[in-house]
Trainee: 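One structure, pasted below without further comment.
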Amino acid sequence: MLYAIFFICFLRAFLDYQHASDLLAGALIGIATAVLANLPAVRERFYRPVLVWQRRYPGVFYVGLFLMTYQINDLFNSTRNIMGYMSSLVK
């Protein structure tokens with residue numbers, strides 16, 4: 001937690017990459033999302049089907065999970081490139 005506060009938040013504000021209010025708003029949104037995701041009703045509704053799918057089809061589940069985490073890591077760069085190219089064709 002201290003790592004996130006100092007090396008990410010403080011340095012981004014200090015180097016003027018982001019305003020402190022943006023960082024605070026992002027932290028509050030993240031905390032609220034984590035609290036809501038841990039509510040029992042949310043866990044029952046959304047997590048149980050995923051865990052059933054993981055137990056029933058582990059190969060497909062882990063391939064899908066890999067692709068999803070790769071896209072998050074890549075920040076959808078290839079998708080953005082394709083959409084940028086398509087928008088340049090429209091103009």
Side-chain angles (χ1 to χ4, degrees):
M1 184 67 142
L2 292 176
Y3 170 82
I5 291 171
F6 181 73
F7 286 106
I8 297 172
C9 295
F10 177 72
L11 289 178
R12 290 186 76 79
F14 181 75
L15 296 173
D16 204 27
Y17 288 135
Q18 285 182 309
H19 296 288
S21 60
D22 294 343
L23 296 170
L24 182 62
L28 292 175
I29 290 170
I31 290 168
T33 302
V35 168
L36 289 174
N38 278 320
L39 292 175
V42 173
R43 285 193 314 228
E44 182 67 31
R45 172 82 170 117
F46 293 105
Y47 300 160
R48 185 172 304 278
V50 172
L51 292 176
V52 168
W53 183 45
Q54 184 241 351
R55 283 188 210 107
R56 191 172 295 161
Y57 307 106
V60 175
F61 176 81
Y62 287 113
V63 167
L65 187 66
F66 169 77
L67 292 173
M68 184 182 72
T69 55
Y70 176 76
Q71 283 296 323
I72 292 170
N73 180 51
D74 192 36
L75 295 175
F76 298 92
N77 194 35
S78 57
T79 306
R80 287 196 317 249
N81 289 339
I82 291 170
M83 295 306 288
Y85 175 72
M86 291 175 71
S87 69
S88 70
L89 291 176
V90 173
K91 293 180 183 177

Trainee: Hey, what else clusters with M83 if you join Ile, Leu, Val, Met, Phe, Trp, Tyr whenever side-chain heavy atoms sit under 4.5 Å?
Mentor: I82, M86
Trainee: Kindly compute the distance separating CG (D74) from CD1 (I72), expressed to the nearest 0.5 Å.
Mentor: 11.0 Å
Trainee: Which pairs of donor and acceptor atoms, one on a side chain in residues 35-47, lie under 3.5 Å apart (sequence neighbours left out)?
Mentor:
residue, atom, partner, partner atom, Å
N38, ND2, A34, O, 3.3
R43, NH1, N38, O, 3.2
E44, OE1, R48, NE, 3.3
E44, OE1, R48, NH2, 2.9
E44, OE2, R48, NE, 2.7
Y47, OH, A37, O, 3.2

Trainee: Just jot down the side-chain contact (heavy atoms from CB on, under 4.5 Å) partners of L24, sequence neighbours excluded, or say none.
Mentor: L28
Trainee: Considering residues at least two apart in sequence or located in another chain, which fulfil the ring pair (Phe, Tyr, Trp, His ring centres under 6.0 Å) criterion with Y85?
Mentor: none
Trainee: When clusters are formed from ILVMFWY side-chain contacts under 4.5 Å, directly or step by step, what else is grouped with V52?
Mentor: none
Trainee: Taking only distance into account, with no hydrogens and no angle test, what donor-acceptor pairs under 3.5 Å do side-chain atoms of residues 54-68 form with protein atoms, sequence neighbours excluded?
Mentor:
residue, atom, partner, partner atom, Å
Q54, NE2, Y62, OH, 2.7

